[in-house]
Asks: 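Quick one: structure below, then a few questions.
So that the names make sense, note that chain A is the first sequence line, chain B the second, and so on, each numbered from 1.
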2 protein chains.
Amino acid sequence: MQPEMDTLLQFFKTLANENRLKMLGILAERECGVEELATLLDLKAPTVSHHLGRLRELGVVTMRVEGNDHLFRMDVDGLRDLSRRVLSSLKLEQVGALADGVAYDTWERKVLDVFVEGDEIKALPAGYKKRLVVLRWLANHFEPGRRYSESELDALIERHHPDYCSLRRELIEEHMMARESGVYWRLPWQMPDLTT
Amino acid sequence: MQPEMDTLLQFFKTLANENRLKMLGILAERECGVEELATLLDLKAPTVSHHLGRLRELGVVTMRVEGNDHLFRMDVDGLRDLSRRVLSSLKLEQVGALADGVAYDTWERKVLDVFVEGDEIKALPAGYKKRLVVLRWLANHFEPGRRYSESELDALIERHHPDYCSLRRELIEEHMMARESGVYWRLPWQMPDLTT
DNA sequence: TATCTAATTAGGAGTATATCGAAATACAAT
DNA sequence: ATTGTATTTCGATATACTCCTAATTAGATA
């Protein structure tokens, strides 16, 4: 989990509460003590104190002491900086980073575990998504750049599964391989080799 | 409660969850089915389905149907629009609007209820904040623009509380009134009249 | 020192949310 | 039609959160 995830979660969790949002709105306009906020929001002091603690922890509210009163107000700089950081994490180029800790290959491994045994395709998945995984695994057995005749291709496919005819067609349909005047070749592919 | 509050709350609540954030990150990079997401996040399908429902409701994820699979991906436009709307609500000029439903006068009324009876100040609050409220109430008895001699001022203050000396000094200190060469006048003030 | 005021902390009750297993639904393929 | 696959809905449980009352702490005043 990248460090931004913690910040993001704290930000959203803290602001995901109506009373805390109202507090922030109030403290943007005037400096308040706990008792005053409690009156304005129709809450008890301990509740307000708790919410203020969270807002302060997040860094969007500051406190100063005046006699017995603890006076709170919005932290303009803190809120601005946080907003910027959060917004940039939600930008299109950045939002993918939220999945940084995710092991993308577990899904494909799982599918291959079920439908492939060694070099052999035990069964062709019915669902589209899973079928794609197996097709990619199959396509990975052909070298990019090399050219195959149809009979050569069929023979190679048949080593993995008897229905070379359907598989050849689907490899073409999914643009994992291409054909021109009876000659086949593999199209470039971004997927790493995950042979079981 | 202004309409923005609902949107804001829905936005923060929906994004205040680690698994939903990860989903958004994954769906920003690839189109996924429920089962695939469940594998990647180590959750069960019903849980993922529930989370996807909330993300879709918020408008940051879209779905298309391919055979039996429901394929989800991030809604680029939806996320961008929402982010903008939320961020602008957190801008300094806007954030005060979060407190639109708040009745700001309840606090001062409450203080005055306790410390003022009719025209008379029953007791001077010890705390700073409450003392300010009573001082403002007192200052409100003097017309802006009119000039008072010290003896005149003292007499008027004494009608509300015997300790005209302290009160006169504090009115000056808090810049509710001003003095020059023995003449006093009230400084402009933004507070409405809340005489009990 | 004793007392008063304001805030915080501790502990508990009620509510909402996350997650799961089981059952129901939608859709394809045989 | 029946079977199989992917998803969704339903119901239950466990966890997290909000809010309260009661007790404690910190600071100011008499």
Asks: Tell me what B:Gly127 touches on the nucleic acid: a base, only sugar-phosphate, or nothing, going by heavy atoms under 4.0 Å.
Replies: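 Contact class for B:Gly127: none.
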Asks: Can you tell me if B:Thr47 touches the phosphate of C:dA18, counting only side-chain N or O atoms and a distance under 4.0 Å to OP1 or OP2?
Replies: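 No, because none of the side-chain N or O atoms of B:Thr47 sits under 4.0 Å from OP1 or OP2 of C:dA18.
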Asks: Using modelled atom types only, decide if a donor and an acceptor are shared between the side chain of A:Thr14 and the backbone of A:Gln10 within a distance under 3.5 Å.
Replies: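 At least one qualifying donor-acceptor pair exists.
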Asks: Rounded to whole angstroms, how far apart are CG on A:Leu37 and P on C:dT8?
Replies: 11 Å
Asks: Using a cut-off of less than 4.0 Å, is there contact between a side-chain N or O of B:Asn17 and OP1 or OP2 of C:dA18?
Replies: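 Yes, B:Asn17 has a side-chain N/O under 4.0 Å of OP1/OP2 on C:dA18.
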Asks: Closest approach to the side chain of A:Pro46, judged atom by atom: which nucleotide of C:dA22, D:dC19, C:dA10 is it?
Replies: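 So the side chain of A:Pro46 is nearest to C:dA10.
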Asks: Side chain of A:Val34: nearest nucleotide among C:dT19, C:dA7, D:dC20?
Replies: C:dA7
Asks: Just the rounded figure in Å: distance from P of C:dA18 to CE of B:Met23.
Replies: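 From B:Met23 CE to C:dA18 P: 11 Å.
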Asks: So if I take every side-chain heavy atom of B:Lys130 and compare against C:dA6, C:dA18, D:dT9, which nucleotide ends up nearest?
Replies: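 Taking heavy atoms from C-beta onward, the closest nucleotide is C:dA6.
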Asks: Send over the distance from B:Lys44 NZ to C:dG21 P, rounded to a whole Å.
Replies: 5 Å
Asks: Specify the residue among B:Asn68 and A:His70 whose closest nucleotide of DNA chain D lies further upstream toward the 5′ end.
Replies: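 Its nucleotide being nearer the 5' end, the pick is B:Asn68.
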Asks: Hey, which sits more toward the 5' end of DNA chain C by its nearest nucleotide, A:Glu35 or B:Val65?
Replies: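 Counting from the 5' end, the first nearest nucleotide belongs to A:Glu35.
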Asks: Would B:Asp113 and B:Lys110 pass as an ion pair if we require N to O under 4.0 Å?
Replies: no
Asks: Contact class for B:Arg131 vs. all strands (heavy atom < 4.0 Å): base, sugar-phosphate, or nothing?
Replies: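 No contact.
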Asks: Describe the nucleic acid contact of B:Phe72 in one word from base, sugar-phosphate, nothing, applying a heavy-atom distance below 4.0 Å.
Replies: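 Sugar-phosphate only.
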Asks: Would you mind reading off the distance between B:Met63 atom CE and C:dC27 atom P, rounded to a whole angstrom?
Replies: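 Rounded to the whole Å, the gap is 10 Å.
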Asks: Using a cut-off of less than 4.0 Å, is there contact between a side-chain N or O of B:Arg54 and OP1 or OP2 of C:dT17?
Replies: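 Checking B:Arg54 against C:dT17: no side-chain N or O falls below 4.0 Å of OP1 or OP2.
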Asks: Between B:Arg131 and B:Glu174, does any NZ, NE, NH1 or NH2 come within less than 4.0 Å of an OD or OE carboxylate oxygen?
Replies: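 Result for this pair is no, no salt bridge flagged.
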Asks: Could you label the plane-to-plane angle of the B:Trp137 and B:His160 rings as parallel, tilted or perpendicular, counting under 30° as parallel and over 60° as perpendicular?
Replies: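 Ring orientation of B:Trp137 relative to B:His160: perpendicular.
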Asks: Could you tell me whether A:Gly33 contacts a base, only the sugar-phosphate backbone, or nothing, with contacts defined as non-hydrogen atoms closer than 4.0 Å?
Replies: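 Here A:Gly33 touches the backbone only, sparing every base.
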Asks: Checking A:Thr106 side chain against A:Ala103 main chain: does a donor-acceptor pair fall under 3.5 Å?
Replies: yes
Asks: When the distance from CG of A:Leu43 to C1' of C:dT8 is rounded to whole Å, what number comes out?
Replies: 16 Å
Asks: Grab the CD-P distance between B:Glu36 and D:dT7 for me, whole Å please.
Replies: 9 Å
Asks: Looking at the side chain of B:Asn19, which of D:dC20, C:dT19, C:dC20 is the nearest nucleotide?
Replies: C:dT19
Asks: Measure the distance from CG on B:Leu71 to P on C:dA26 and round it to the nearest whole Å.
Replies: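 Rounded to the whole Å, the gap is 19 Å.
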Asks: Would you call A:Glu35-B:Lys129 a salt bridge at under 4.0 Å N-O?
Replies: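 No salt bridge links A:Glu35 with B:Lys129.
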Asks: Taking for each residue the nucleotide of DNA chain D with the nearest heavy atom, is it B:Leu52 or A:Ala45 whose nucleotide lies nearer the 5' end?
Replies: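 The residue closer to the strand's 5' end, by nearest nucleotide, is B:Leu52.
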Asks: Looking only at the side chain of B:Ser49 (C-beta and beyond, no hydrogens), which of the listed nucleotides D:dT9, C:dA18, C:dC20 gets closest?
Replies: D:dT9
Asks: Between P on C:dC20 and NE2 on B:His50, what's the gap in Å once rounded to a whole number?
Replies: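 Taking NE2 of B:His50 and P of C:dC20, I get 12 Å after rounding.
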